[in-house]
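The structure under discussion appears below in the form of structure tokens.
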Amino acid sequence: MANKILLLGKNGQVGWELQRSLAPVGQLLALDRHDQGGDLTDLKSLQRIIVDYQPTIIVNATAYTAVDKAETETELALQINGKAVEFLAEQAKQYHSWLIHYSTDYVFDGSGDTARLETAETNPLNIYGKTKLVGEQAIQQLLDNYLIFRTSWVYATHGNNFIKTMLRLAKEREELAIINDQIGSPTGAELIADITAHAIKQLKPELAGIYHLTAGGETSWYDFANVIFAEAKLYIADQLKVKKVNAITTDSYPTPAKRPLNSRLATSKLINTFDITLPDWQLGVKRVIAELLTE
Ligand SMILES: NC(=O)C1=CN([C@@H]2O[C@H](COP(=O)(O)OP(=O)(O)OC[C@H]3O[C@@H](n4cnc5c(N)ncnc54)[C@H](OP(=O)(O)O)[C@@H]3O)[C@@H](O)[C@H]2O)C=CC1
Ligand SMILES: Cc1cn([C@H]2C[C@H](O)[C@@H](COP(=O)(O)OP(=O)(O)O[C@H]3O[C@@H](C)C(=O)[C@@H](O)[C@H]3O)O2)c(=O)[nH]c1=O
Ligand SMILES: [Mg+2]
């Protein structure tokens, strides 16, 4: 039987790319918060859509992702990342649908310097991470047929992210200070969406579970920023003001939310289970910058 896919959060970074990658994989109904049934703070309408459409797969690309703001907008973050996800898991169970969901490196405390397995102990340092963990755990407790992809440092042409922030700042300022002691893997929304489609094509109960999904390799925000500036120079050298990029420590950059130092995620489970290759992180970064800076 053909897949009937309900995609929630179609206009986020990952949601936007899922609209493309899921279209050939099944019949697709894609919603954002402005569509009937697409608002995760309106669970009644959401339930109505599920009953009416009867998806065989629900893909949840919605999230509250404003990490610093979550420290004060805690209730809303918990509603979207936690309670609404629990509701989706209940619905998926009741209507025998798969649930595909995304989570984050921020469920970990970032201690140590090795890559974490899916089974590693969670211990979020901030509200965003705590609420994402609530969502993960609800799915795992309620459902058998689910995929959770934990990813990190997501960027895309569509939406807001570190690449766009750096391109803007590089045009505005001569000097920048960027954290050099947080290590992770920048991961393109395109890659996440492509692997989601790939996984759906192989979907069977034995594959259900949680997987770490990031690009290959690792970097710091500081080194990431320098790659962004070097790449930007190829296209808009005349517009760049930035002359000096200073490497700083997390301690010297106070923010409302605490962030983990070690965001390395071990991806061998995903690679081996779904028979895929994860390209080096720079590949997708260069593509997105080219897309952003050329007509
Ligand atoms: N961004 C990152 O760096 C990382 C993201 N992740 C995870 O990956 C997944 C995708 O993230 P990403 O695409 O980057 O996130 P985005 O913030 O780009 O997209 C999230 C989407 O959710 C929507 N949304 C927010 N609130 C609601 C609501 N009440 N009802 C319906 N939709 C809502 C947003 O809409 P609107 O724009 O209108 O608010 C937005 O379109 C999430 O689970 C996230 O936690 C994991 C690691 C890193
Ligand atoms: C703008 C700026 C940021 N930074 C630092 C702050 C932070 O540690 C890092 C990245 O900044 P961001 O605002 O993108 O960080 P943040 O929004 O916390 O990014 C996170 O988002 C959530 C949704 C996730 O799930 C994580 O995987 C991660 O991508 O760069 C600087 O050092 N200098 C700067 O000028
Ligand atoms: Mg952010």
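For ligands, and for the atoms within them, numbers begin at 1 and follow the listed sequence. Just so it is clear, the values below take in all heavy atoms, side chains as well, and ignore hydrogens, waters and symmetry mates.
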Open item on the list: Is there a polar contact between ligand 2 and Met166, counting only N or O atoms under 3.5 Å apart?
Closed with: no
TODO: Tell me, please: is Asp32 in heavy-atom contact with ligand 1, that is, under 4.0 Å?
DONE: no
- [ ] Please identify each residue that fulfils ring-ring contact (aromatic ring centres under 6.0 Å, His included) with Tyr211, with sequence neighbours left out.
- [x] Phe274
- [ ] Examine ligand 1 and decide if any of its atoms is less than 4.0 Å from a heavy atom belonging to Tyr64.
- [x] no
Open item on the list: Can you confirm whether Asp275 is buried at CG, in the sense that more than 12 heavy atoms of other residues, nucleotides or ligands lie under 6.0 Å from that atom?
Closed with: no
- [ ] Nearest heavy atom to atom 27 (O) of ligand 2 wins, so pick from Asp105, Ile178, Asp68.
- [x] Asp105
TODO: Run down the list Tyr102, Tyr128, Tyr106 and name the one with the heavy atom closest to atom 44 (C) of ligand 1.
DONE: Tyr128
Open item on the list: Within the structure, is a non-hydrogen atom of Lys132 found at a distance of less than 4.0 Å from ligand 2?
Closed with: no
- [ ] Would you tell me whether Ser263 and Gln182 have side-chain atoms, one donor and one acceptor, within less than 3.5 Å of each other?
- [x] no
Task: Proximal candidate to atom 11 (O) of ligand 2 [heavy atom criterion; set Tyr128, Tyr106, Phe162, Tyr155] - done: Phe162
- [ ] Examine ligand 1 and decide if any of its atoms is less than 4.0 Å from a heavy atom belonging to Ala156.
- [x] no
Open item on the list: Can you tell me if Gly38 contacts ligand 1 (heavy atom of the residue under 4.0 Å from the ligand)?
Closed with: yes
Task: Arg259, any N or O under 3.5 Å of ligand 2 N or O - done: yes
I'd like a table of donor-acceptor pairs (distance under 3.5 Å, sequence neighbours excluded) in which one partner is a side-chain atom from residues 24-44, with atom names and distances.
| residue | atom | partner | partner atom | Å |
| --- | --- | --- | --- | --- |
| Asp32 | OD1 | His34 | N | 2.8 |
| Asp32 | OD1 | Asp35 | N | 3.4 |
| Asp32 | OD2 | Asn11 | ND2 | 2.8 |
| Asp35 | OD2 | Asp32 | N | 2.8 |
| Asp39 | OD1 | Thr41 | N | 2.8 |
| Asp39 | OD1 | Thr41 | OG1 | 2.7 |
| Asp39 | OD2 | Thr41 | OG1 | 3.1 |
| Asp42 | OD1 | Ser45 | N | 3.3 |
| Asp42 | OD1 | Ser45 | OG | 3.2 |
| Asp42 | OD2 | Ser45 | OG | 2.6 |

Open item on the list: Hydrogens and angles aside, do Asp181 and Thr250 bring a side-chain donor and acceptor to less than 3.5 Å of each other?
Closed with: yes
